[in-house]
Protein chains: 2
Amino acid sequence: MGEGEAPVTGQRGTRQRRAVSQVLDANDDFRSAQDIHDQLRQAGDKVGLATVYRTLQAMAGTGELDVVKTDTGQAVYRRCREEGHHHHLVCRECGAAVEVTGPSFEKWADQLARDHGYADVEHRLELFGLCPACQAG
Amino acid sequence: MGEGEAPVTGQRGTRQRRAVSQVLDANDDFRSAQDIHDQLRQAGDKVGLATVYRTLQAMAGTGELDVVKTDTGQAVYRRCREEGHHHHLVCRECGAAVEVTGPSFEKWADQLARDHGYADVEHRLELFGLCPACQAG
DNA sequence: TTATCTGCAAACATTTTGCAGCGAG
DNA sequence: CTCGCTGCAAAATGTTTGCAGATAA
C-alpha cells in the first residue's frame, strides 16, 4: 500500500526516447524539434513528431536540456553541459554555441530589479553572432 | 523625370493608423497586437486584425515602437521612449515596463564575443518580474 | 488618377492535444 | 496486467499573405 504518487522521475526507457537522446548526443549545436525529427527519419528511426516534441519537453523539464528561442520564436535544444544558471552565445549560421556565465552581469541585473522594486525577477539573455568557422566559410 | 523610387517614409495618414497610434499613446505598458485590436473594437474603432499587425510592424520598423517577445513567443509593443539601445524590465503581471541601459553589461557582452571569436554579435536581453504595484495587489 | 492601404479569409509554421492501440515493467 | 508512451491527425496559436475594393494625396 501507499506506493505514493508516481515518482516524477518515472520515464520509461523506450526506443524512441533513446533515439532522441542519441541524436542530441551526436549534435554539438542547437537543433529544433523538427530538425531532430528529420535527422531521426534519415537515420531510419521512425519516431512521431509529436513524440519528439513531448520527449524534448520532458527532458527540458528535468534540466538535462538547454532550450533557446530563436529570432522567429522557434525553440531549439541541445544537451546541457554546465549545471546551473548560464547563457549562450549562439552562431546564427550553424547553431554552434558557447555557454557563458557573467557574475557581474547577474549582479547588475539583481541590483536593477531591486532599484525598481521589482520582485521575483528573472532574465533571458541570448547572444547571437557568427562563429569563427562560419566567418571563414 | 526621375521622381526616383518612392520614399521609404511614404506612409498614408489613415483613420486606422491613427487609431492604433492613439491606443499606443493611451497605454503605458506592453500590449500584444491582439490586445490592441480588442481595445480598438471596444472603443468603437473597427480595424482589421491584419491591419493592426501590419501597422505595428511598420511602426516597429521605423523604430518608433519597442517590441519584446514574451515567454510564449508572443510579440508585445509599446511606444518607444528612449532613443538608441536599451532593454526592458517588464512586469509579467500587468506589462508595465522600465527601460534600462547597462554600459557595463554591453561591454561585458562585447568582450565575450571577442574572446570567442564571434563576429557581428547582437544580444537580446529581457528582464521579467513583478512590479511594485502588482506585488501589493 | 493611382499607388497605398484595408478587410477578409485562407495560408502558414510551430506546437499541443485527443484518443485508440502498443509495449515496458 | 497496467499505465505510461506512441502515432496519427485534428486543433490551437499567433502571425502573414493574396486579392479585390476603398481611399488618401
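Throughout, a chain's letter reflects where its sequence line sits, starting with A, and its residues are numbered from 1.
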Pairs under 3.5 angstrom only: tabulate donor-acceptor contacts from the side chains of residues 37-45 of chain B to other protein residues two or more places apart or in another chain.
unit_1, atom_1, unit_2, atom_2, d
B/His37, NE2, B/Val47, O, 3.0
B/Gln39, OE1, B/Arg31, NH1, 2.6
B/Gln39, NE2, B/Asn27, OD1, 3.0

Rounded to whole Å, please give me the gap between [atom1] in [X] and [atom2] in [N].
X: B/Asp35; N: D/dT13; atom1: CG; atom2: C1'; answer: 14 Å
X: B/His37; N: D/dG14; atom1: NE2; atom2: P; answer: 14 Å
X: A/Asp45; N: D/dG7; atom1: CG; atom2: P; answer: 10 Å
X: A/Asp38; N: C/dT14; atom1: CG; atom2: P; answer: 11 Å
X: A/Lys46; N: C/dC22; atom1: NZ; atom2: P; answer: 15 Å

Just to verify, what does B/Gln74 make a side-chain hydrogen bond (donor to acceptor under 3.5 Å, both in side chains) with, not counting sequence neighbours?
B/Ser32

By side-chain hydrogen bond (donor to acceptor under 3.5 Å, both in side chains) - contacts of A/Thr101 (at least two apart)
none

Base, backbone or nothing for each nucleotide of nucleotides 15-25 of chain D, written B, S, -, heavy atoms under 4.0 angstrom, 5' to 3'?
BBBB----BBS

Does A/Lys69 have a side-chain nitrogen or oxygen under 4.0 Å from the phosphate oxygens OP1 or OP2 of C/dT15?
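Negative; the distance criterion is not met.
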
Ring centres under 6.0 Å, that's the criterion: do B/His88 and B/Phe30 meet it?
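So the answer is yes for these two rings.
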
Grouping ILVMFWY residues whenever side-chain heavy atoms fall under 4.5 Å, the cluster of A/Tyr53 otherwise contains A/Leu49

Qualifying salt bridge (charged side-chain N to carboxylate O under 4.0 Å, His left out) pairs with a residue from residues 73-90 of chain A, counting only residues at least two apart or across chains:
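Counting only pairs at least two positions apart or across chains, the salt bridge (charged side-chain N to carboxylate O under 4.0 Å, His left out) contacts touching residues 73-90 of chain A are A/Asp25-A/Arg79, A/Asp28-A/Arg81, A/Glu64-A/Arg79, A/Arg78-A/Glu99.
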
